[in-house]
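Letters A, B, ... are given to chains in the order of the sequence lines, protein chains preceding strands, and every chain is numbered from 1.
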2 protein chains.
Amino acid sequence: MERAGAPQAGPRGRISPQALCRAIREDVIRGVHRPGSRLTEESMAARYGVSRVPVREALRALEAEGFVRSRPYAGIVVVELDDAEAEDLLEVRALLEPLGAGRAALRRTPEQLGRLKELVSLGRAAIEDGRLDELARLNSRFHEVIAAASGSRTLSRLVTQLSQKIAWVYSVDLPRRAQDSWREHEEIVAAVEQGDPEAARAVVARHIAAARSAYRRRAPGPADDRS
Amino acid sequence: MERAGAPQAGPRGRISPQALCRAIREDVIRGVHRPGSRLTEESMAARYGVSRVPVREALRALEAEGFVRSRPYAGIVVVELDDAEAEDLLEVRALLEPLGAGRAALRRTPEQLGRLKELVSLGRAAIEDGRLDELARLNSRFHEVIAAASGSRTLSRLVTQLSQKIAWVYSVDLPRRAQDSWREHEEIVAAVEQGDPEAARAVVARHIAAARSAYRRRAPGPADDRS
DNA sequence: CTGACGACGATTGTATTCAATCGAGGTGGG
DNA sequence: CCCACCTCGATTGAATACAATCGTCGTCAG
């Protein structure tokens with residue numbers, strides 16, 4: 001087992017429950033916990049420096065989000081996403097995100113707009129430095145903030161789930177497209193700033209479509225890289 | 001069959017964790033636990049005849065699904081859905097379900113088709129007997145099976161979440177529309193059986209649109225019945 | 001040699017117990 | 001009389017301990 005999301009809690013100062021859940025999800029997305037691998041409660045507890053109880057709670061939440069699957073007395077395993085499911089994720093995303101962007105153009109707060117601009121600049125910097133995993137996280141954040149700016153909690157929740165799963169599937173992927181992707185992000189922010197829902201919808205739709213075709217073009221096997 | 005959500009576990013034979021989660025969710029949907037009310041772990045444990053630990057795990061899952069909200073040391077409360085959120089649920093549903101129905105027309109298995117027909121007949125029977133809460137559950141199940149028949153786990157998961165939330169908002173609602181609704185369900189099944197994705201999409205789109213307009217027409221206050 | 005049966009180890013599920021934190025009510029001072 | 005502070009009860013968060021269940025290996029009959 002490699003060590004990446006290892007005992008960051010250190011000696012003292014326990015990790016909060018929410019932080020624990022995020023940490024495990026991050027590690028699943030980053031591939032620390034491989035698809036199909038079994039997550040025994042005790043090893044997880046040892047890894048994150050807590051007891052089994054908070055681990056169980058975090059894993060229940062992750063199960064509800066669809067990252068792991070558990071069956072009674074059979075343990076918890078990381079789900080394996082196949083090509084078809086990756087396609088489905090993008091298809092649903094192509095439906096939901098334009099809706100969210102259109103509403104965001106009408107309802108966004110100045111704070112949210114500022115946050116978007118901040119994310120864009122962080123994204124550009126990450127491209128410069130070649131920090132690809134950071135880029136994936138920023139990308140997720142960007143789309144989550146757009147969804148949150150739509151003012152629809154439903155949309156926000158669903159897009160957030162999708163966004164994280166998509167980051168998982170794409171994982172270490174498409175560094176070439178990063179340039180175009182973040183240029184499109186700037187266009188999205190512009191449309192949202194102008195308050196033009198039609199433009200926002202259209203730009204986001206183009207953005208998602210480009211991501212889909214890029215994924216399809218180089219789709220050999222998404223998450224089946226079992227070594 | 002079970003009553004309100006009381007200690008159905010009885011003397012011996014504990015309830016399984018999944019069953020516990022479903023039971024709590026059912027009770028939230030049925031209004032046993034009112035929106036805004038606080039769910040203390042101990043009272044929940046006593047009510048369902050288990051200890052605090054499984055209760056906590058179930059509530060974590062329900063939190064991920066968006067039925068309850070918890071903040072550290074502040075306890076867990078049932079979320080309150082307002083008019084705007086009810087609208088959002090229906091709007092997102094109007095996007096997702098036609099997609100699912102179109103794919104279901106192409107990919108459904110005979111077993112799933114049979115299950116749909118069974119649900120339709122159960123729905124008719126429930127209308128006859130006037131069992132409205134049963135009807136709400138059957139309605140959710142119907143849409144969940146359609147989504148499952150689409151072959152997309154992503155779609156299935158999201159539609160299931162939406163369906164349950166919608167059942168919650170509608171709760172004891174629209175008995176007049178039940179007739180039309182289940183007639184439309186029959187049309188949906190027919191389109192799915194014929195394997196006509198275009199027709200399935202169109203019928204489902206009409207079905208959702210009708211539900212939306214019906215809800216709007218009689219929407220005074222959905223879940224704000226705080227006593 | 002092969003198949004099924006049974007006991008062991010490992011892991012999950014649950015309960016009990018203890019520590020940490022938040023809110024409410026009372027008390028003293030201004 | 002009002003406000004700030006503080007103590008205390010209640011509740012959540014976590015850890016340990018125990019019970020229930022499953023997978024696996026060894027054994028034995030056929």
Side-chain angles (χ1 to χ4, degrees), chain A residues 1 5-25 27-28 33-79, chain B residues 5-25 27-28 33-65 67-79:
Chain A
M1 311 309 178
Q8 69 229 36
R12 67 206 173 286
R14 263 192 309 276
I15 191 174
S16 85
Q18 297 183 1
L20 174 65
C21 184
R22 267 186 316 207
I24 298 179
R25 180 170 39 221
D27 285 347
V28 169
H33 307 297
R34 300 288 223 355
S37 70
R38 183 173 179 182
L39 305 178
T40 65
E41 298 176 359
E42 202 158 359
S43 67
M44 297 293 283
R47 170 186 284 270
Y48 296 97
V50 292
S51 178
R52 280 177 49 206
V53 176
V55 167
R56 285 174 63 89
E57 293 176 12
L59 290 178
R60 279 286 192 276
L62 263 52
E63 183 184 13
E65 296 175 14
F67 284 100
V68 301
R69 184 169 178 75
S70 86
R71 280 176 1 191
Y73 288 101
I76 293 175
V77 297
V78 181
V79 302
Chain B
Q8 69 227 34
R12 67 199 175 289
R14 265 191 308 277
I15 191 173
S16 85
Q18 296 185 1
L20 175 65
C21 183
R22 268 186 314 206
I24 298 178
R25 180 169 41 218
D27 286 347
V28 169
H33 308 297
R34 302 284 262 291
S37 69
R38 183 173 178 183
L39 305 178
T40 64
E41 299 175 358
E42 202 158 0
S43 68
M44 297 292 282
R47 169 187 282 271
Y48 296 97
V50 292
S51 178
R52 280 177 49 207
V53 176
V55 167
R56 285 174 62 91
E57 293 174 12
L59 290 178
R60 280 287 192 277
L62 262 52
E63 183 184 14
E65 295 175 14
F67 285 99
V68 302
R69 184 169 179 76
S70 86
R71 278 175 4 193
Y73 288 100
I76 293 175
V77 296
V78 181
V79 303

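For the pair L20(A) CG and dA15(D) P, the interatomic distance rounds to 10 Å; values are reported in whole Å. Across the protein-nucleic acid pair, R52(B) atom CZ and dG13(D) atom C1' stand 8 Å apart, rounded to whole Å. For the pair I76(B) CD1 and dT12(D) C1', the interatomic distance rounds to 9 Å; values are reported in whole Å. Rounded to a whole Å, the OH atom of Y48(A) is 18 Å from the C1' atom of dA14(D). When rounded to the nearest whole Å, the span between OH of Y73(B) and P of dT12(D) equals 11 Å. Between E57(A) atom CD and dA14(D) atom P there is a gap of 7 Å when expressed in whole angstrom units. Across the protein-nucleic acid pair, E41(B) atom CD and dG13(D) atom C1' stand 8 Å apart, rounded to whole Å.
Residues R34(B) and V78(B) share a closest heavy-atom pair of O-CB, 3.5 Å. Here the closest non-hydrogen pair linking R60(A) and P17(B) is NH2-CB, 3.8 Å. Considering all non-hydrogen atoms of both residues, S70(B) and I76(B) come closest at CB-CG1, 3.4 Å. Of all non-hydrogen atoms in V50(A) and V55(A), the two that sit nearest each other are CG2-CG2, 3.8 Å. Between I24(A) and M44(A) the shortest heavy-atom distance is CG2-CE, 3.8 Å. Scanning both residues, C21(A) and A58(A), for their nearest heavy atoms gives CA-CB, 3.9 Å.
At a threshold of 4.0 angstrom between heavy atoms, the contacts of T40(A) are confined to the sugar-phosphate backbone, with no base atom among them.
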Exercise. Give the intermediate values and the outcome of side chain to side chain contact (heavy atoms under 4.5 Å, CB included) for residues Y48(B) and L20(B).
Key: CA-CA 8 Å; Y48(B) 296 97; L20(B) 175 65; 3.7 Å; yes
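The shortest distance between the side-chain N/O atoms of R56(B) and the OP1/OP2 oxygens of dT12(D) is not below 4.0 Å.
Each of V53(A) and L39(B) lies near DNA chain D, and the nucleotide nearest L39(B) is the one positioned closer to the 5' end. The nearest heavy atom of DNA chain D to S16(A) and to P72(A) marks one nucleotide each, and the one closer to the 5' end goes with S16(A).
Boundaries of the chain A contact region on DNA chain C are dT11(C) to dT14(C), first to last in 5' to 3' order (nucleotide atom under 4.0 Å from a heavy atom).
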